[in-house]
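Report on the following structure.
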Amino acid sequence: MLPFCLVWLAQISGQERRSQCSGARLSTMASTYELLLAPLRAAFDTLEPGADPVLRTSEHGDYQANGVMALAKKLGRPPRDVAREIVDRADLADLASVEVAGPGFLNLTLRPTLIQDQLSALLGDDRLGIEVAPARTIVIDYSAPNVAKEMHVGHLRSTVIGDALARMYRFAGHRVIARNHVGDWGTPFGMLIEHLLDVGEDEAVASLSIGDLDSFYRAARVKFDADDPFKDRSRARVVALQSGDVETRRLWKILVDQSITYFNQVYALLDVTLSPEDVVGESHYNAMLGAVVADLDGLGLLVESDGARCVFPPGFTNRDGDALPLIVQKRDEGYGYAASDLAAVRDRVEALHADEILYVVGAPQAQHLEMVFAVARLAGWLPEHVRCEHVTFGNVLGADRKMFKTRGGETVKLVGLVDEAIERAAASLRQRDNGLDGEGQQRLATQIARAAIKYADLSTERQHDYVFDLDRMVAFEGDTGPYLQYAHARLCSIFRRLGAPWRPVHVTFGLDALQERNLALALLAFPEALEMSFVTFQPHRLCVYLFDLAQRFTAFYDACPVLASTGPLRDERLALCDLTARTLSIGLSMLGIDAPEQM
RNA sequence: GCGGCUGUAGCUCAGCGGAUAGAGCAUCGGUCUUCGGAACCGAGUGUCGGGGGUUCGAAUCCCUCCAGCCGCACCA
């Protein structure tokens with residue numbers, strides 16, 4: 001059996017945890033972990049104020065407190081003596097039995113009554129111990145594809161992680177404003193519009209509407225590089241676009257609208273909650289850029305350098321050790337993305353009243369965003385109380401461990417990836433007999449495919465680089481989304497066979513079988529698992545938890561017959577099944593993964 | 001050069017101050033008239049990149065070296 005997945009909770013115990021949660025982002029019922037921690041901390045405090053019990057889950061007991069050794073060292077006393085004293089002083093009698101082990105570990109075994117009470121509380125709670133938090137307004141910036149460019153695997157992370165965070169925040173009770181900061185502005189639009197004119201509007205729309213964005217872009221690029229008159233026209237067109245020429249604007253809008261229509265198809269295919277109203281691209285901030293520059297100037301922050309208008313936030317240097325500028329207005333008087341990013345921060349605080357802004361953007365943008373945040377703070381557009389975080393994620397790498405390039409012909413379209421996964425899921429379904437009709441099969445294949453892709457992305461640590469591996473993404477066995485769905489489907493099957501709806505009444509949790517107890521302990525850990533995921537912006541923590549839960553369930557399922565059992569035992573097992581099914585379903589929903597009832 | 005990230009089993013990855021370093025895949029062996037086998041049980045595999053240091057205790061913290069990736073003034 002796996003060590004309990006809750007170990008990482010130790011990381012955010014005590015003060016750190018409280019301070020990280022200062023925004024009241026997730027409220028939970030008194031969790032098992034917290035119930036144990038409080039008396040332990042009190043006992044430690046009597047010997048050394050502020051000493052940390054270092055409570056965590058363990059293979060050597062249900063929980064383990066490791067803080068005694070450090071405390072003993074500090075006190076200059078034998079650790080086992082200190083351990084015994086802590087045991088005497090800690091008011092744990094109703095909660096757990098404690099045993100001193102090894103050099104001074106405290107191994108805690110939960111009392112059956114505690115498990116009983118905690119499980120009963122979860123059983124009667126639709127939200128599984130997660131309370132609705134006082135609402136805060138959270139702006140989450142994610143996905144952000146470029147107009148007239150394909151969505152490829154590089155966009156998957158931002159889209160899927162951002163959407164998972166949005167769902168988690170919504171479940172926690174917050175007001176989420178999604179912002180899809182699409183790249184709909186800048187110099188490439190000159191050549192794109194000219195190309196559109198060359199091929200004709202109807203032709204262009206036809207090609208873009210079928211999602212053939214890359215070849216459109218590539219064709220424009222080729223002409224731009226090889227054809228000087230075209231290049232001149234393109235440059236003139238950029239000027240016309242920026243100066244608000246009506247006809248140019250209309251042509252530009254065609255490109256934007258077609259692309260957004262296409263993006264929405266991809267979002268629908270992936271079941272991403274982004275809607276057209278969430279699309280607020282770079283162009284949206286155009287009207288605010290003049291004020292950004294003027295106000296920075298008024299604040300005395302603007303410095304002219306090499307003809308460009310810049311802000312030099314303290315603490316940033318370039319390769320020569322000189323101060324590094326954030327260029328808000330270029331020498332040619334055009335605005336760069338720094339200006340629109342500043343305008344966006346300002347808009348999100350002033351117009352949207354954000355309490356918190358999250359940027360789900362790749363790690364290469366880290367310095368740029370830090371500078372933008374720094375300048376926004378300097379300008380007073382980003383007050384202290386507004387939390388602003390760059391939720392980074394690693395690069396997408398190819399099999400050669402080098403940056404996954406869009407050029408070089410090995411582009412993997414996002415839709416291509418999903419199609420491949422659907423194809424494989426459908427093939428797998430054809431070998432089963434689940435009684436679904438063709439349409440149902442197709443819908444199910446799509447749900448399974450999405451689960452495979454999203455889980456593959458979400459289940460790895462966000463900040464690490466990401467080796468793109470199609471077979472892994474589309475796999476259905478082992479530590480995968482479909483494995484979790486399957487566990488859920490089996491649970492639903494039990495209740496389906498039951499015939500009548502099952503209502504929990506006075507369930508007694510004996511938990512005599514090891515597998516029952518293992519499962520129960522995992523169920524109690526859901527609030528912490530979600531909290532960890534939430535506080536660290538790491539959906540993969542939730543993935544790890546859910547996989548562990550599903551594994552414990554299948555071990556239980558294998559060893560403990562539910563429907564064949566009778567009396568209180570049957571109710572107990574049904575209750576464990578009910579809790580497991582709901583935990584899986586709610587957990588998966590926060591990852592943006594459906595939990596079908598059969599598959 | 002400065003800054004950031006990464007280096008853990010054959011492969012893909014967890015673990016990030018605690019007791020013998022874990023999963024999944026792959027390999028081998030079992031369960032096999034199934035509350036749905038996309039499952040379960042078991043087996044083997046590791047100088048946790050190298051070297052120092054801190055600590056009762058280091059994959060985890062610090063220093064250093066090696067290897068790789070990313071960023072570092074007008075593309076976004």
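These figures come from a predicted structure and were not determined experimentally. Letters A, B, ... mirror the listed sequences (proteins, then strands); counts begin at 1.
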*Kindly determine whether A:Thr554 and A:Tyr483 satisfy side-chain hydrogen bond (donor to acceptor under 3.5 Å, both in side chains), including the steps that lead there.*
CA-CA 10 Å; A:Thr554 44; A:Tyr483 173 87; 3.0 Å; yes
*A:Glu85 and A:Arg77: CA distance, side-chain angles, deciding distance, salt bridge (Lys or Arg N to Asp or Glu O under 4.0 Å) verdict*: CA-CA 11 Å; A:Glu85 193 167 338; A:Arg77 295 175 46 191; 2.7 Å; yes
*asked:* side-chain hydrogen bond (donor to acceptor under 3.5 Å, both in side chains) for A:Asp341 and A:Tyr285? Distances and angles first, verdict last.
replied: CA-CA 8 Å; A:Asp341 282 346; A:Tyr285 301 100; over 6 Å; no
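Judged by distance alone with a 3.5 Å cut-off, no donor-acceptor contact links the side chain of A:Tyr486 to the base of B:rA38. Between the base of B:rA76 and the side chain of A:Asp341 there is no donor-acceptor pair shorter than 3.5 Å. The base of B:rA14 is not paired with the side chain of A:Ser459 by any donor and acceptor separated by under 3.5 Å. Between the side chain of A:Gln551 and the base of B:rA23, no donor-acceptor pair under 3.5 Å is found.
Among the heavy atoms of the strands lying under 4.0 Å from A:Ser428 is at least one base atom, whether or not backbone atoms are also near. Within 4.0 Å (heavy atoms only), A:Ala338 reaches no atom of the nucleic acid at all. Here A:Leu574 lies out of heavy-atom contact (under 4.0 Å) with every strand. Counting non-hydrogen atoms under 4.0 angstrom, A:Glu597 reaches a base of the nucleic acid. Residue-level contact check: A:Thr554 touches the backbone only, with heavy atoms under 4.0 Å from sugar-phosphate atoms and none from bases. Among the atoms of the strands shown, base atoms are found under 4.0 Å from some heavy atom of A:Cys560. Among the heavy atoms of the strands, none lies under 4.0 Å from A:His368. At a threshold of 4.0 angstrom between heavy atoms, the contacts of A:Ile448 include nucleobase atoms, whether or not backbone atoms are also involved. The residue A:Ala475 sits apart from the nucleic acid: no heavy atom pair falls under 4.0 Å. At a threshold of 4.0 angstrom between heavy atoms, the contacts of A:Ala70 include nucleobase atoms, whether or not backbone atoms are also involved. Among the heavy atoms of the strands lying under 4.0 Å from A:Val467 are primed sugar atoms or P, OP1, OP2 only; no base atom is included. Using a 4.0 Å heavy-atom cutoff across all strands shown, A:Arg331 reaches at least one base atom of the nucleic acid. A:Gly336 comes within 4.0 angstrom of the backbone, heavy atoms only, and of no base.
Stacking is not found between A:Phe476 and the pyrimidine-like six-membered ring of the B:rA38 base under the 5.5 Å centre-distance and 30° plane-angle cut-offs. Residue ring and nucleobase are stacked for A:Phe105 and B:rA19, with a centre distance beneath 5.5 angstrom and an angle between planes beneath 30°.
Each of A:Arg443, A:Lys454, A:Arg450 was scored for a salt bridge (charged side-chain N to carboxylate O under 4.0 Å, His left out) with A:Asp594, with one residue passing: A:Arg450.
Atom-to-atom, CG of A:Leu563 to C1' of B:rG36 comes out at 12 Å; the value is rounded to the nearest Å. Rounded to an integer number of Å, the gap from A:Arg472 CZ to B:rC25 C1' is 10 Å. Per the geometry, OH belonging to A:Tyr285 stands 15 Å off C1' belonging to B:rA76, to the nearest Å. Counting to the nearest Å, the C1' atom of B:rC41 and the CZ atom of A:Phe556 are 17 Å from each other. Here B:rA38 presents its P atom at 16 Å from CZ of A:Arg430, a figure rounded to the nearest Å. One atom, CG of A:Asp594, and another, C1' of B:rA38, lie 17 Å apart when rounded to the nearest Å. For the pair A:Leu289 CG and B:rA76 P, the computed distance is 11 Å after rounding to whole Å.
Sequence neighbours left out, the pairs with a member in residues 569-581 of chain A that pass side-chain hydrogen bond (donor to acceptor under 3.5 Å, both in side chains) are A:Trp502-A:Asp571, A:Glu516-A:Arg573, A:Asp578-A:Arg582. Annotation: salt bridge (Lys or Arg N to Asp or Glu O under 4.0 Å) contacts involving residues 553-569 of chain A, sequence neighbours excluded, are absent.
Not counting sequence neighbours, the partners of A:Tyr557 by the ring pair (Phe, Tyr, Trp, His ring centres under 6.0 Å) test are A:Phe553.
Taking atom P on both nucleotides, B:rU8 is separated from B:rG51 by 15 Å, rounded to a whole Å. Between B:rU64 and B:rU45, the two P atoms lie 37 Å apart (nearest whole Å).
In the displayed structure, A:Glu333 atom CD is contacted under 6.0 Å by at most 12 heavy atoms of other residues, nucleotides or ligands.
Salt-bridge formation is detected for the pair A:Arg430/A:Glu423: a Lys NZ or Arg NE/NH1/NH2 atom is positioned less than 4.0 Å from an Asp or Glu carboxylate oxygen. Using a cutoff of 4.0 Å between basic side-chain nitrogens and carboxylate oxygens, A:Arg179 and A:Asp141 are not scored as salt-bridged.
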Quick one: side chains of residues 467-475 of chain A, donor-acceptor pairs under 3.5 Å with protein atoms, not counting sequence neighbours, listed by atom name and distance.
from	atom 1	to	atom 2	distance (Å)
A:Asp469	OD1	A:Asp471	N	3.1
A:Asp469	OD1	A:Arg472	N	3.3
A:Asp471	OD1	A:Arg424	NH1	3.2
A:Asp471	OD1	A:Arg424	NH2	3.3
A:Arg472	NH2	A:Ala456	O	3.2

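Stems are defined here as 3 or more consecutive Watson-Crick or G-U wobble pairs with pairing distances under 3.5 Å; those involving RNA chain B are B:1-7 with B:66-72, B:10-13 with B:22-25, B:27-31 with B:39-43, B:49-53 with B:61-65.
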*Once each nucleotide of nucleotides 1-10 of chain B is scored for protein heavy atoms under 4.0 Å, what B/S/- sequence comes out, 5' to 3'?*
B---SS----
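A donor-acceptor contact closer than 3.5 angstrom is absent between the side chains of A:Asn286 and A:Tyr335.
Nearer the 5' end of RNA chain B, as judged by each residue's closest nucleotide, is the contact made by A:Gly102, out of A:Ile494 and A:Gly102. In terms of position on RNA chain B, the residue among A:Pro364 and A:Asn66 whose nearest nucleotide sits closer to the 5' end is A:Asn66.
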